[in-house]
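Would you mind keeping the following structure in view while I ask a few things?
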Amino acid sequence: MTPSDTPPRMRGGAGPKILCTNDDGIYASGLEVLARVAGELGSVTLVAPDRQQSASSHSLTLHRPLRLTETAPESYVVDGTPTDCVLLAVSQLYTEAPDLVLSGVNHGPNMGEDVLYSGTVAAAMEATILGIPAVAISYAGDDEARVAGYDAILRRLLRDLLEHRDFPPETFFNINLPDRPAAEVEGVRVTSLGRRIYRDSLTRSRDPRGREYFWIGGGESRWRGRDDSDFRAVQAGYVSLTPLHLDLTDFRLIEEVRSWSLEL
Ligand code: MN
């Protein structure tokens with residue numbers, strides 16, 4: 001039987017069908033927490049990259065074969081990007097599309113323009129493009145062990161979001177958990193994207209053979225943004241929930257740009 005002859009697998013289990021993925025790879029502890037939380041809300045299938053894919057953004061693997069490998073019941077790895085994972089999972093593993101796609105829990109924040117680089121957010125975006133409600137979840141700290149304590153908070157939040165899952169088309173949610181123990185969280189704030197200003201985030205150095213190289217990342221970043229920005233909520237100890245939209249058109253500028261009477 002060739003792969004194209006393989007019938008789609010039938011999904012069992014109760015409740016909504018939830019696809020979980022991430023960009024930190026199948027072994028990331030945040031994915032384990034996410035799968036556990038999702039398992040209490042519905043029947044879960046895990047499809048995640050086989051390695052670290054952070055900052056892979058919305059990239060697709062177009063120029064080499066992709067492998068989808070079952071590693072445990074309802075658990076698969078893909079040797080590609082988070083977007084590849086969602087695309088393969090939805091088209092190959094489900095007879096009907098899943099009811100929800102969850103991406104995360106990412107190790108590190110995805111706030112402000114991070115969402116443009118993030119593989120975590122891109123996976124949720126890909127689901128949205130496919131017409132499936134989706135939520136990206138990130139933890140804005142370094143102490144990964146704290147993420148496990150967020151079980152109850154995530155369960156409650158995701159359950160609430162699932163009840164409103166006829167949210168408008170082309171819309172998905174971006175959640176950031178604050179860098180503090182779950183017991184000390186102040187609440188939930190609905191936020192807008194802030195702006196991040198990086199300084200010294202590009203390092204130039206020499207390798208052991210004396211050749212110049214560059215390293216992107218590190219340095220300092222500072223934030224600015226509206227009072228309701230995601231980073232302000234997270235800094236104040238709140239869970240940040242940002243509704244995001246796929247359409248990047250600047251509708252505020254459309255009329256003005258038309259008035260420029262551009263001609264060819
Ligand atoms: Mn990541």
Side-chain angles (χ1 to χ4, degrees), residues 18-38 44 46-61 66 71 75-89 100-129 134-151 153-154 157-158 172-180 191 193-194 196 198 201-203 215-221 223 230-231 234 239-242 244:
I18 303 175
L19 170 64
C20 290
T21 190
N22 74 351
D23 77 353
D24 296 332
I26 190 84
Y27 300 113
S29 60
L31 182 64
E32 202 180 316
V33 175
L34 186 68
R36 197 164 63 231
V37 169
V44 175
L46 270 182
V47 182
D50 64 354
R51 68 197 75 183
Q52 180 56 254
Q53 290 282 349
S54 293
S56 61
S57 184
H58 210 133
S59 65
L60 277 174
T61 302
L66 275 174
T71 55
S75 178
Y76 301 79
V77 291
V78 174
D79 59 346
T81 66
T83 301
D84 294 331
C85 289
V86 172
L87 201 57
L88 282 186
L100 180 69
V101 172
L102 300 176
S103 180
V105 176
N106 186 61
H107 181 202
N110 277 310
M111 304 187 290
E113 49 269 80
D114 290 345
V115 303
L116 300 176
Y117 302 97
S118 166
T120 306
V121 174
M125 206 180 282
E126 181 64 15
T128 310
I129 289 172
V135 184
I137 305 159
S138 304
Y139 166 62
D142 279 326
D143 185 359
E144 282 184 84
R146 281 185 181 168
V147 178
Y150 275 89
D151 272 39
I153 286 175
L154 283 176
L157 248 182
L158 292 173
F172 63 104
F173 291 103
N174 187 40
I175 291 176
N176 279 276
L177 307 174
D179 182 14
R180 58 168 69 187
T191 57
L193 291 177
R196 185 188 279 240
Y198 282 101
S201 64
L202 187 65
T203 301
W215 195 293
I216 301 171
E220 278 179 29
S221 69
W223 289 94
D230 46 10
F231 73 96
V234 163
V239 172
S240 163
L241 174 71
T242 313
L244 294 179

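The structure displayed is predicted, hence computed values, not measured ones. Just follow the structure's listing: the first ligand is 1, and inside any ligand the first atom is 1.
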Look at the N, O or S atoms of S54, main chain and side chain alike, and state whether any lies under 2.8 Å from the Mn ion (ligand 1). yes

Identify, by name, the N, O or S atom of D24 lying closest to the Mn ion (ligand 1). OD1

So N106 and V121, do their side chains get closer than 4.5 Å, heavy atoms only? no

Indicate yes or no: at least one non-hydrogen side-chain atom of L60 is less than 4.5 angstrom from one of L87. yes

Listed partners of F231 passing ring-ring contact (aromatic ring centres under 6.0 Å, His included), at least two apart: W223

Report the name of the N/O/S atom of D23 located nearest to the Mn ion (ligand 1). OD1

Could you tell me whether D142 atom CG has more than 12 heavy atoms of other residues or ligands within 6.0 Å of it? no

May I ask you to check whether N106 brings an N, O or S atom to under 2.8 Å from the Mn ion (ligand 1)? yes

